[in-house]
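Note that the structure is predicted; figures quoted are calculated from it, not measured.
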Amino acid sequence: MDADAVLKKNFWIHLIEGATYLSSGVLLSPQTVLPALVDKLGGGNVAIGAIPIVVSLMYFLPQIVSANYIRSSPFRKGWTLRLGMLQRVQILLFAIIIGFLGLRSPGVTLAAFFVIYVVNQ
């Protein structure tokens, strides 16, 4: 494959992946959609209030722990690709768990939701 064909293929793959990821972010909004989901799964006020705490804590805490390690690593692309793929798989796992267990076992679904959400953040 010549360089132009590879660039064109990569452009379209990244465009499709980016559009899919950005559009799914709206469905995982911690301000509107997730509190309603936790409420429907039987979570109380504490569980609903834990969502913004998880978002803030899990967004900043890993950066403090891993920044020096990643910065000193000569190969960062592998980390980025692996963690990016892991994050996308977790979003798919959200959908599967909520779709199959949501009505049958809301307590288990709520616990699984928070575990996956913490790892996802």
Side-chain angles (χ1 to χ4, degrees):
M1 235 182 206
D2 65 330
D4 287 338
V6 170
L7 285 175
K8 192 174 192 177
K9 176 184 163 197
N10 283 345
F11 171 78
W12 285 107
I13 289 172
H14 287 298
L15 183 70
I16 291 168
E17 192 271 337
T20 305
Y21 182 72
L22 288 174
S23 64
S24 70
V26 174
L27 299 174
L28 296 172
S29 172
Q31 290 84 16
T32 55
V33 176
L34 294 183
L37 174 66
V38 170
D39 184 47
K40 285 287 187 188
L41 292 174
N45 291 337
V46 174
I48 293 170
I51 294 171
I53 295 169
V54 167
V55 169
S56 297
L57 184 65
M58 298 315 291
Y59 184 75
F60 294 115
L61 187 63
Q63 295 178 29
I64 294 170
V65 174
S66 65
N68 288 331
Y69 176 73
I70 297 296
R71 191 171 64 183
S72 67
S73 175
F75 304 106
R76 295 182 196 120
K77 185 177 181 179
W79 280 93
T80 303
L81 293 175
R82 282 192 298 268
L83 292 176
M85 180 59 76
L86 180 64
Q87 188 179 30
R88 272 61 169 187
V89 168
Q90 290 167 356
I91 293 170
L92 178 63
L93 194 57
F94 270 141
I96 292 170
I97 287 174
I98 291 169
F100 287 118
L101 293 177
L103 292 175
R104 285 186 232 146
S105 149
V108 172
T109 305
L110 186 62
F113 163 77
F114 272 106
V115 169
I116 295 170
Y117 195 62
V118 165
V119 173
N120 185 282
Q121 292 298 310

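Under the 4.5 Å side-chain heavy-atom criterion for ILVMFWY residues, a single connected hydrophobic cluster contains both Leu34 and Val108. Residue Leu93 is grouped with residue Leu37 when hydrophobic side chains (ILVMFWY) are merged at heavy-atom distances under 4.5 angstrom, including chains of intermediate members.
Atom-to-atom distance recorded for Ile51:CD1 and Ser29:OG is 9.5 Å, nearest 0.5 angstrom. Note that CD1 of Ile96 and CD1 of Ile91 are 12.5 Å apart. Values are rounded to the nearest 0.5 Å. In this structure, CD on Glu17 lies 12.0 Å from CG on Asn10, to the nearest 0.5 angstrom. Going from atom CG of Leu110 over to atom CG of Leu101 covers 12.0 Å, rounded to the nearest 0.5 Å.
The shortest heavy-atom contact between Gly43 and Ile48 is O-CD1, 4.2 Å. Nearest heavy-atom pair, Pro106 versus Leu41, reported as atom, atom and distance to 0.1 Å: CB-O, 3.5 Å. When all heavy atoms are compared, the tightest approach of Ala50 to Phe114 is CB-CE2, 4.3 Å. Val55 and Pro30 get closest at one heavy-atom pair: CG2-CB, 3.8 Å. Of all the heavy atoms in Met58 and Val118, the pair that sits closest is CE-CG1, 3.8 Å. Nearest heavy-atom pair across Gln90 and Val119 is NE2-CG1, 2.8 Å.
Heavy-atom neighbours of Asn45 CG from other residues, nucleotides or ligands within 6.0 Å: at or below the threshold of 12. Crowding of Leu57 atom CG: a count of heavy atoms from other residues, nucleotides or ligands under 6.0 Å exceeding 12.
Applying the ring pair (Phe, Tyr, Trp, His ring centres under 6.0 Å) rule to pairs touching residues 82-110 yields Phe94-Phe113, sequence neighbours excluded.
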